[in-house]
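Written out below as structure tokens is the structure these notes cover.
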Amino acid sequence: MISNLSIDEQMELLRRGTIEIVPEDELRAKLVKSQKTGKPLKIKLGLDPTAPDIHIGHAVVLRKMRQFQDLGHEVTIIIGDFTASIGDPSGRAITRPLLTPEQITVNAQTYYDQYCLILDPAKTQVRYNSEWLRTLDFADVVRITAKITVARIIERADFAARLADGRPIGMHEMLYPVCQAYDSVVLEDDVEVGGTDQTFNIILGRDLQRESGLEPQVAMFVPLLVGLDGVQKMSKSLHNYIGVTDAPKDMFGKVMSIADEIMPNYFELATSVPLEEVKQIEAGLKDGTLHPMDVKKRLAREIVAIYHGAEAAQEAQAEFEKVFSSRELPTDIPPINVKQADLKDGKMWIVRLVSAAGFAPSNGEARRLVQQGAVSLDGEKITDANAEITLADGQVLHVGKLKYGQIRIV
RNA sequence: GGCGGGAUUCCCGAGUGGUCAAAGGGAGCAGACUGUAAAUCUGUUGCGGAACGCUUCGGUAGUUCGAAUCUACCUCCCGCCA
């Protein structure tokens, strides 16, 4: 059912959190046509099944897709299983390693499970681009690539940069945007949504559709969500992400660790808090009537609630306040199993305990942590790296700020 | 195909025979201060129950009392010319 909201209202909704819609009047025209004919628009989203975990940065795009679905349109997810064997050069300074078919299958399944948290499965179609790309023969490839010039390809920012710096570009990498553009030709989609790193690829899709006699897709760009470090884009490989399947308390904690300055950004991109309210919050932060920490707690609640529900969000906040504000022990402390056989007269070397608990990757690291005062047992700090500690069931080992474990002698 | 340049630790990057587990910066980790924010300060960042012990400077084989540093071959990358 196509929404009967006015086109202006729809545009208003869809514009939220986008950087650019190319071109905006074409989107409007498509919406008008769809409303008149009752025929839903086809919205395309390409996913590269490389990182098996979806984080709230990806969610920005997915949530935009969800809006389209709520307005009655249809989403097609393209799992780039074929293109993953090329490796998306987007934003990459170096050539990506290739994935095996097995990895791709596993990742694609994980993806599916995760984006169902955001999208409406009933209005989501999933296609694998190997379906059409694998069957092309070399003559087809020549015919397609003949429509694109080399100058056009190397004007792409990351290629240009690599060229200038003397870093290698594989010929196959130039084919990546071509494949993605060809997906749009096959799909005959109306709109493609993507992060700004997809600018070139999506625009190329427009060109190739036009060249192929189709009505070109509208390109919608959403900003890349900045990661927890506040500097680089959120990404799994940079370890600065919040996964959509993260436990509520982890999600909450991660949000609390972001820089104050990026809060408005997160409100706009990662929550459904009305834009007007976001503006008020921003103003409140500026004139000091709102305390940044309170605002951040609200933000954390909003985000956790999207993926785990409001109740879990409340609990996560309570737990957070308990552990970090009141400095009490967390509710659930994972056990550290210590074998009776590893004890000598009931004692264990502190360094071994820390590394055996998995709190340090090596004894050297564990030793350092002890010496730097990061380790305590039952609240008592241990700084002697040679200490032999008498262990008992139920003692709580605390390392650094975040790591807790409860001794269990087995 | 010809000629030239290059590969160092998580990243960048110094290091041209011993004083090199390898400067400096980034990033990370820990501590202090805090709001698990930022900023700042301090310490730390190959392994090892730690001994000047072991393993590391693209790979292999050498030269040498001694190699990240010299030689040969190999692999990969870059540039210019064709």
Side-chain angles (χ1 to χ4, degrees), chain A residues 92-97 159 161-171 173 226-233 235-242 246-267 281-282 285-286 288 290-301 303-304 316-330 342-344 347-356 358-376 381-389 397-404:
Chain A
R92 286 276 159 165
I94 50 166
T95 306
R96 276 197 177 183
F159 285 151
R162 278 158 70 178
L163 221 42
D165 293 357
R167 281 169 305 185
I169 302 170
M171 190 116 159
E173 292 183 274
V226 69
L228 299 175
D229 53 21
V231 181
Q232 291 182 279
K233 72 168 181 180
S235 113
K236 186 178 165 72
S237 53
L238 295 171
H239 304 293
N240 63 356
Y241 72 103
I242 301 174
D246 279 357
K249 69 173 166 46
D250 293 335
M251 245 185 209
F252 197 96
K254 284 181 182 180
V255 175
M256 291 308 288
S257 77
I258 66 169
D260 293 351
E261 293 69 42
I262 58 178
M263 285 197 285
N265 190 243
Y266 270 52
F267 267 110
I281 290 170
E282 209 173 343
L285 283 172
K286 214 166 261 167
L290 290 175
H291 191 289
M293 190 176 62
D294 295 330
V295 173
K296 209 177 282 176
K297 282 179 180 170
R298 161 91 192 274
L299 175 64
R301 274 201 316 275
I303 290 175
V304 174
Q317 176 163 351
E319 177 76 7
F320 177 86
E321 284 165 353
K322 179 176 159 190
V323 177
F324 295 105
S325 307
S326 318
R327 308 253 171 207
E328 289 173 39
L329 291 176
D342 290 338
L343 296 179
K344 234 188 294 167
K347 290 182 174 183
M348 190 173 187
W349 183 33
I350 183 64
V351 167
R352 169 142 301 148
L353 177 64
V354 170
S355 63
F359 293 161
S362 68
N363 279 359
E365 184 81 38
R367 179 187 294 270
R368 241 170 267 131
L369 287 168
V370 172
Q371 285 166 344
Q372 293 183 134
V375 176
S376 63
K381 199 171 266 195
I382 298 166
T383 51
D384 176 9
N386 294 315
E388 301 286 340
I389 307 294
L397 180 70
H398 185 198
V399 176
K401 240 177 274 186
L402 302 171
K403 295 168 196 146
Y404 288 90

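Values in this document were obtained by computation on a predicted structure and should not be read as measured data. Labels below follow one simple rule: chain letters A, B, ... track the order of the sequence lines, proteins then strands, and each chain is numbered from 1.
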Does a side-chain heavy-atom distance below 4.5 Å link [X] with [Y]?
X	Y	answer
A:F267	A:E282	no
A:L397	A:F359	yes
A:I389	A:L353	no
A:R298	A:I281	yes

Quote, to the nearest angstrom, the [atom1] distance that separates [N] from [M].
N	M	atom1	result
B:C11	B:G46	P	14 Å
B:G49	B:G59	P	27 Å
B:C57	B:U8	C1'	4 Å
B:U56	B:G4	P	32 Å
B:G58	B:C54	C1'	22 Å

Below 3.5 Å is the cut-off: list the nitrogen or oxygen pairs between protein and nucleotides 33-36 of chain B, distance only.
| unit_1 | atom_1 | unit_2 | atom_2 | d |
| --- | --- | --- | --- | --- |
| B:G35 | O6 | A:D260 | OD2 | 3.4 |
| B:G35 | N1 | A:D260 | OD1 | 3.3 |
| B:G35 | N1 | A:D260 | OD2 | 2.8 |
| B:G35 | N2 | A:D260 | OD1 | 2.6 |
| B:G35 | N2 | A:K296 | NZ | 2.7 |

Can you tell me how far [atom2] of [N] sits from [atom1] of [X], to the nearest Å?
X	N	atom1	atom2	result
A:L228	B:G28	CG	P	11 Å
A:N240	B:G28	CG	C1'	13 Å
A:K381	B:A30	NZ	P	13 Å
A:Q371	B:A50	CD	C1'	11 Å

Looking across every strand, which nucleic acid part, if any, lies under 4.0 Å from A:G400 by heavy atom: base, sugar-phosphate, or nothing?
sugar-phosphate
NA contact type, A:Q232, heavy-atom cut-off 4.0 Å: base, sugar-phosphate, or nothing?
nothing
Could you please name the partner base of [N], counting Watson-Crick and G-U wobble pairs only when both distances are under 3.5 Å?
N	value
B:A7	B:U75
B:A38	none
B:G24	B:C12
B:C54	B:G46
B:C80	B:G2
B:C33	none

Checking contacts here: which listed nucleotide (B:G31, B:A37, B:G49) is nearest the side-chain heavy atoms of A:A259?
B:A37
Has A:H398 got a side-chain atom pairing as donor or acceptor with A:G400's backbone, closer than 3.5 angstrom?
yes
Any side-chain to backbone donor/acceptor pair from A:K254 onto A:Y241? Under 3.5 Å, distance only.
yes
Is the ring pair A:F252/A:F320 parallel, tilted or perpendicular, if the boundaries are 30 and 60 degrees?
tilted
Would you tabulate the pairs of protein nitrogen or oxygen atoms and nucleotide nitrogen or oxygen atoms of nucleotides 21-27 of chain B closer than 3.5 angstrom?
none

Check whether any side-chain nitrogen or oxygen of A:R352 sits under 4.0 Å from OP1 or OP2 of B:G49, and answer yes or no.
yes
If you assign each of A:P361 and A:V375 to its closest nucleotide in RNA chain B, which residue comes earlier from the 5' end?
A:V375
Along RNA chain B (nearest heavy atom to each residue), the more 5'-positioned of A:L369 and A:S362:
A:L369
Taking N or O atoms only and anything under 3.5 Å, show me the protein contacts with nucleotides 39-45 of chain B, one pair per line.
| unit_1 | atom_1 | unit_2 | atom_2 | d |
| --- | --- | --- | --- | --- |
| B:G43 | N2 | A:Q372 | OE1 | 2.9 |
| B:G43 | N2 | A:Q372 | NE2 | 3.3 |
| B:G43 | N3 | A:Q372 | OE1 | 3.0 |
| B:U44 | O4' | A:Q372 | OE1 | 3.2 |

State, to 0.1 Å, how close A:G227 and A:I262 come at their nearest heavy-atom pair, and which atoms those are.
O-CD1, 4.0 Å
The side chain to side chain contact (heavy atoms under 4.5 Å, CB included) partner of A:E388 among A:R352, A:K344, A:K347, A:M348 is A:K347
